[in-house]
Novice: 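This structure is in structure tokens; I'll ask about it shortly.
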Amino acid sequence: MNPSNPQTHAAASAQAPPTEARPSNFVRDIILADLQTSKYGGRVQTRFPPEPNGYLHIGHAKAICLDFGLADEFGGHTNLRFDDTNPQKEETEYVESIMQDVKWLGFHWDGLFYASDYFDQLYEWAVQLIKAGKAYVDDLSADQIREYRGTLTQPGKDSPYRNRSIEENLNLFERMRAGEFPDGSRVLRAKIDMASPNLNMRDPVMYRILHAEHHRTGNKWCIYPMYDYAHGQSDSLEKVTHSMCTLEFEDHRPLYNWFIQQLGIFPSQQIEFDRLNLTYTLLSKRKLLQLVQEGHVSGWDDPRMPTLVGIRRRGYTPEAIRNFCNSIGVSKTNGVIELAMLEHFVREDLNKRAPRVMAVLRPLKVVIDNYPENQVEQMDAVNNPEDPRAGTRKVPFSRVLYIEQDDFRENPPKQYYRLSPGREVRLRYGYFITCANVVKNDKGEIVEVHCTYDPATRGGNSPPDGRKVKATIHWVAAAHAIDAEARLYETLFTKEDPNQTEAGQDFTANLNPRSLEVIHDARLEPSLANPAVGERYQFERLGYFSVDRDSKPGRPVFNRTVALKDTWARIEKGAERSQRGKG
RNA sequence: UGGGCCGUCGACUAAUGGUAGGUCAAGUGCCUUUGGAGCACUUUGUCUAGGUUCGAAUCCUAGCGGCCCAGCCA
């Protein structure tokens, strides 16, 4: 693609496969306009700037798709830049995981940078601002600075140190850097306007003293730049043309521009868009950290977590996440996306690629009385009806089988057309069977269902007499079954908005006690004896499952990524509702 | 009650003064060896009130509602 030709976007859009749709949005419109006016010489340069203080989550995925997607669409470039200006919170471990997550999502950065790469340059520029009378060293304490800042409705007042001489400021700032002063004793501030209605412009702090070891610069520095002083200048140094960030930074844009103007450096432009919000989901690093630290989840990669490592372990694909991000749009509205939207995109992707297998989560023993005692037949099963190239496999059939407990009802309700006494159903790829009677234990629970089969329906085909059956159910041959563990998930929180709590409670009050259900005695068809970790399957009629790293040889562990859409469940729920309505 | 931003179907998002469209959700039907998938159809929307205009979701004015900002966090 020719980056100087704004026309190329049309061709790029046309060539993009439908699954990677690139819808229009206001950021894209700004870029389009800038290309038209050649504001940056037809260049598009973006950056994804995470702070390495935690794991990336689905909200970051939206930003990543925007930053990388837009640059890519216009033949531009995207840097990965770690915003590592606070050594007290940042660690190399997070740097590693962030790089892995970005790669896993399918993106490739052009430059790999760190804000800490620019510490020398930032320091020189600070000196330049001091010399221009635009910055000063303040001896006020943090508390005093807060007092002097004023309030939302009242202007602040000048610090008594605001009008120090340039020489004194230069001397003090140099000594701050040299380590002569303790943490918190002084800061460097921009000299702007203590009466500004925008609090960010009331002489913001540029540097603070922090005698802390930095994950990259070690002990070279004991003063560190603040976000506002570092971010725009980093963008400028990288010649970033379009610097996208979330809405809460709108108030910072005047400051972003102020530093760039005072310094007379490359004019990057900041564009703010809406942060992703998802129902039943928390997307705040601080709160996710709390969930991990208080043990509400097993770790950052617990499959219930919205972190990229979590949803990856859950079985989500990068394609599904990208399609989701590209479909939800980008705007400045504060909205909440329904979780169902995300789930739709995993189903859509997995439906096309996941091989189908048969697995029984809650086994109920079925004996086919008229089937030969020791006979085993190898039945042909289609691996993926959506993809003929996936071929077929053999599944053993015999006299004793397991079916799903849900697929049998002694007293079937209306509209239930699975197995029940006297009723005939199809065993998928097996035979038609008819329920003859049930065996109960002392407690009256059904422990065994006895059936007869029709040999004329081998493979599950309709018999010559044209008899039809209303239900097809899945099964596993008892003698050949693989024992497995299955982990089923519900939302981590019971409320659409987990932050909506009674007074005195925090979001943990909304934790869903049923968010994890472990099934210890699932039975799988024999092809699933030793599946590869991370492999994804559709358990027919149940959902998409992926192989967890906790799997042991001969005993796989599966995470349910998402259930299949379940029409019967909806009917049953509706029936319950109308029942309650009557009562 | 200072400043900034935002209000379009239940949710998200298009329409850039000229037919309010798409996706998800919900519902109906068809089809089906997954009550899956697919296909077809349907319901519901421009925050309010004025104004400008041949014509307003779009422009203007005034209300109303929501979000963000008083870290030496990012």
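Every chain is numbered from 1, with letters handed out A, B, ... down the list of sequences.
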Novice: For B/rC72, does either OP1 or OP2 sit under 4.0 Å from a side-chain N or O belonging to A/R149?
Specialist: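 So the side chain of A/R149 is within the cut-off, an N or O lying under 4.0 Å from OP1 or OP2 of B/rC72.
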Novice: In terms of relative ring orientation, are A/F545 and A/F558 parallel, tilted or perpendicular, with 30° and 60° separating the classes?
Specialist: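 Because their plane-to-plane angle is over 60°, the rings of A/F545 and A/F558 count as perpendicular.
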Novice: Tell me the partner of B/rC67, counting only Watson-Crick (N1-N3 plus N6-O4 or O6-N4) or G-U wobble (N1-O2 and O6-N3) with both under 3.5 Å; none if nothing fits.
Specialist: B/rG4
Novice: Under 4.0 Å between any heavy atoms, over every strand shown, what does A/N461 touch: base, sugar-phosphate, or nothing? Just pick one.
Specialist: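 Here A/N461 touches the bases of the nucleic acid.
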Novice: B/rU33 P sits how many Å from A/M379 CE, rounded?
Specialist: 16 Å
Novice: Using the side-chain heavy atoms of A/K565, tell me which of these nucleotides is nearest: B/rA70, B/rU1, B/rA37.
Specialist: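 Within the option list, the nearest is B/rA37.
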Novice: Have a look at A/E404 and tell me which of A/R541, A/H474, A/R362 forms a side chain to side chain donor-acceptor pair (under 3.5 Å) with it.
Specialist: A/H474
Novice: Considering just the side-chain nitrogens and oxygens of A/T567, establish if one lies under 4.0 Å of OP1 or OP2 belonging to B/rG36.
Specialist: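 True: A/T567 side-chain N/O within range (under 4.0 Å) of B/rG36 OP1/OP2.
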Novice: Quick one: label A/Y148 by what it contacts on the DNA or RNA (base, sugar-phosphate, nothing), any heavy atom closer than 4.0 Å.
Specialist: nothing
Novice: Does A/R541 contact B/rG35 through a side-chain donor or acceptor facing the base, at a distance under 3.5 Å?
Specialist: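 No such pair is found, so the answer is no.
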Novice: Select one nucleotide: of B/rC67, B/rC69, B/rC72, the one nearest the side-chain heavy atoms of A/D251.
Specialist: B/rC69
Novice: Let's see if you can work this out: which of B/rG36, B/rC73, B/rU33 has an atom nearest to the side-chain heavy atoms of A/R428?
Specialist: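 Shortest atom-to-atom distance from the side chain points to B/rU33.
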Novice: Atom CG of A/D84 and atom C1' of B/rC73: how far apart are they, to the nearest Å?
Specialist: 14 Å
Novice: Is there a Watson-Crick or G-U wobble partner for B/rA62 with both distances under 3.5 Å, and which nucleotide is it?
Specialist: B/rU48
Novice: Looking at B/rC31, which nucleotide sits across from it as a Watson-Crick or G-U wobble partner, both distances under 3.5 angstrom, or is there none?
Specialist: none
Novice: Taking atom CZ of A/R275 as the centre, report whether more than 12 heavy atoms of other residues, nucleotides or ligands fall under 6.0 Å from it.
Specialist: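 No, not enclosed.
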Novice: Among B/rG71, B/rG35, B/rU16, find the nucleotide with the atom closest to the side chain of A/D29.
Specialist: B/rU16
Novice: Can you measure A/N198 atom CG to B/rG2 atom P for me and round it to whole angstrom units?
Specialist: 15 Å
Novice: Output yes when at least one side-chain N/O atom of A/R146 is less than 4.0 Å from OP1 or OP2 of B/rG71, else no.
Specialist: yes
Novice: What is the nucleic acid contact for A/V187, judged by heavy atoms within less than 4.0 Å: base, sugar-phosphate only, or nothing?
Specialist: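 Answer is base: heavy atoms of A/V187 come under 4.0 Å of a base.
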Novice: Between A/Q154 and A/G150 (side chain of the first, backbone of the second, donor and acceptor by atom type, cut-off under 3.5 Å), is there such a pair?
Specialist: no
Novice: Would you state whether a donor and an acceptor, one from the side chain of A/E540 and one from the base of B/rG36, lie under 3.5 Å apart?
Specialist: no
Novice: Does B/rC24 have a Watson-Crick or wobble mate here (both distances under 3.5 Å), and if so which one?
Specialist: B/rG10
Novice: Heavy atoms from C-beta onward define the side chain here; which of B/rC24, B/rC72, B/rA70 lies closest to that of A/L199?
Specialist: B/rA70
Novice: With respect to the side chain of A/M226, which nucleotide from B/rC6, B/rG71, B/rG36 is positioned closest?
Specialist: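 Selected nucleotide: B/rG71.
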Novice: Could you please name the option among B/rC72, B/rG10, B/rC5 that lies closest to any side-chain atom of A/K332?
Specialist: B/rC5
Novice: We want to know whether A/D34 and A/Q269 form a side-chain donor-acceptor pair, criterion being a heavy-atom distance below 3.5 angstrom.
Specialist: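 On atom types as modelled, these side chains qualify, holding a pair under 3.5 Å.
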Novice: Scan A/H474 against the nucleic acid and name what it touches under 4.0 Å (heavy atoms): base, sugar-phosphate only, or nothing.
Specialist: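 No contact at all - A/H474 keeps every heavy atom at 4.0 Å or more from the nucleic acid.
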Novice: A/V469 near the nucleic acid: base, sugar-phosphate alone, or nothing, with a heavy-atom cut-off under 4.0 Å?
Specialist: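 Since no nucleic acid heavy atom lies under 4.0 Å of A/V469, the category is nothing.
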Novice: Nearest whole Å is fine: how far is B/rC72 P from A/H211 NE2?
Specialist: 18 Å
Novice: Heavy atoms only, 4.0 Å cut-off, all strands: where does A/L342 land among base, sugar-phosphate and nothing?
Specialist: nothing
Novice: Does a side-chain N or O of A/R208 approach OP1 or OP2 of B/rA74 to a distance below 4.0 Å, or not?
Specialist: yes
Novice: If you pin A/Y227 and A/G150 to their nearest nucleotides in RNA chain B, which one's is more 5'?
Specialist: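 The 5'-side residue here is A/G150.
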Novice: Enter syn or anti for the glycosidic conformation of B/rG36, syn applying to angles within 90° of 0.
Specialist: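 This nucleotide is in anti.
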Novice: Between A/Y94 (side chain only) and A/E51 (backbone N and O only), is there a donor and an acceptor less than 3.5 Å apart?
Specialist: no
Novice: Say whether, by atom type as modelled, one donor and one acceptor occur between the side chain of A/R149 and the main chain of A/G156 under 3.5 angstrom.
Specialist: no
Novice: Among side-chain atoms of A/D67 and A/T46, is any donor-acceptor pair under 3.5 angstrom?
Specialist: no
Novice: Which part of the nucleic acid, if any, lies within contact of A/L427, taking any heavy atom under 4.0 Å across all strands shown: a base, the sugar-phosphate backbone alone, or nothing?
Specialist: nothing
Novice: How long is the line joining CZ of A/R423 and P of B/rG35, in whole Å?
Specialist: 13 Å
Novice: At under 4.0 Å between heavy atoms, what does A/P50 touch on the DNA or RNA strands: base, sugar-phosphate, or nothing?
Specialist: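 Since no nucleic acid heavy atom lies under 4.0 Å of A/P50, the category is nothing.
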Novice: So what does A/Y224 touch, heavy atoms closer than 4.0 Å: a base, only the sugar-phosphate, or nothing?
Specialist: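 The residue A/Y224 makes no contact with any strand.
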Novice: If you check the A/P197 side chain, which of B/rG3, B/rA25, B/rA74 turns out closest?
Specialist: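 Of B/rG3, B/rA25, B/rA74, B/rG3 is nearest to the side chain of A/P197.
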Novice: Does A/K285 offer a backbone N or O that forms a donor-acceptor pair with the side chain of A/Y55 under 3.5 Å?
Specialist: no
Novice: With distance as the sole criterion, do the side chain of A/E272 and the base of B/rG4 form a donor-acceptor contact below 3.5 Å?
Specialist: no
Novice: Please state how far atom CG in A/N53 lies from atom P in B/rA74, giving the value in whole angstrom units.
Specialist: 10 Å
Novice: On RNA chain B, does the nearest nucleotide to A/A340 precede the nearest nucleotide to A/G459 from the 5' side, or the other way round? Give the residue.
Specialist: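 Comparing both residues, the 5'-ward one is A/A340.
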Novice: Let me know the distance between CG of A/L32 and P of B/rU16, rounded to the nearest Å.
Specialist: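 Computing the A/L32:CG to B/rU16:P distance gives 14 Å.
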Novice: Within 45° of the six-membered ring axis of A/Y136 and under 6.0 Å from that ring's centre, is NZ or CZ of A/R164 located there?
Specialist: no
Novice: With both distances under 3.5 angstrom, what nucleotide forms a Watson-Crick or G-U wobble pair with B/rG55?
Specialist: none
Novice: Given that both distances must come in under 3.5 Å, which nucleotide forms a Watson-Crick or G-U wobble pair with B/rU19?
Specialist: none
Novice: Roughly how many Å is it from OH in A/Y429 to P in B/rU33, rounded to a whole number?
Specialist: 11 Å
Novice: Using a cut-off of strictly less than 4.0 Å, decide whether A/S462 has a side-chain nitrogen or oxygen near OP1 or OP2 of B/rU33.
Specialist: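 For B/rU33, neither OP1 nor OP2 has a side-chain N or O of A/S462 closer than 4.0 Å.
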Novice: So A/E386, base contact, sugar-phosphate only, or nothing? Heavy-atom distance under 4.0 Å.
Specialist: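 Result for A/E386 = base.
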Novice: Have a look at A/Y207 and say if it touches a base, only the backbone sugar-phosphate, or nothing, with a 4.0 Å heavy-atom cut-off.
Specialist: nothing
Novice: Would you please confirm or rule out a distance under 4.0 Å between OP1 or OP2 of B/rG27 and any side-chain N or O of A/R570?
Specialist: yes
Novice: Taking any heavy-atom pair under 4.0 Å as a contact, classify A/G335: base, sugar-phosphate, or nothing.
Specialist: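 If one applies the 4.0 Å heavy-atom cut-off, A/G335 turns out to touch the sugar-phosphate alone, with no base involved.
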Novice: Touch check for A/V382, heavy atoms < 4.0 angstrom, all strands: base, sugar-phosphate only, or nothing?
Specialist: nothing
Novice: Classify A/R186 by what it touches in the nucleic acid, base, sugar-phosphate, or nothing, heavy-atom distance under 4.0 Å.
Specialist: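 No contact.
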Novice: Taking the side chain of A/H252 as heavy atoms from C-beta outward, which of B/rU34, B/rC24, B/rA74 is closest to it?
Specialist: B/rA74
Novice: With a 4.0 Å cutoff (strictly under), does any side-chain N or O of A/S331 reach OP1 or OP2 of B/rU13?
Specialist: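 Checking B/rU13 against A/S331, a side-chain N or O does come within under 4.0 Å of OP1 or OP2.
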Novice: By nearest atom, which of the nucleotides B/rU23, B/rC68, B/rG35 is closest to the A/I571 side chain?
Specialist: B/rG35
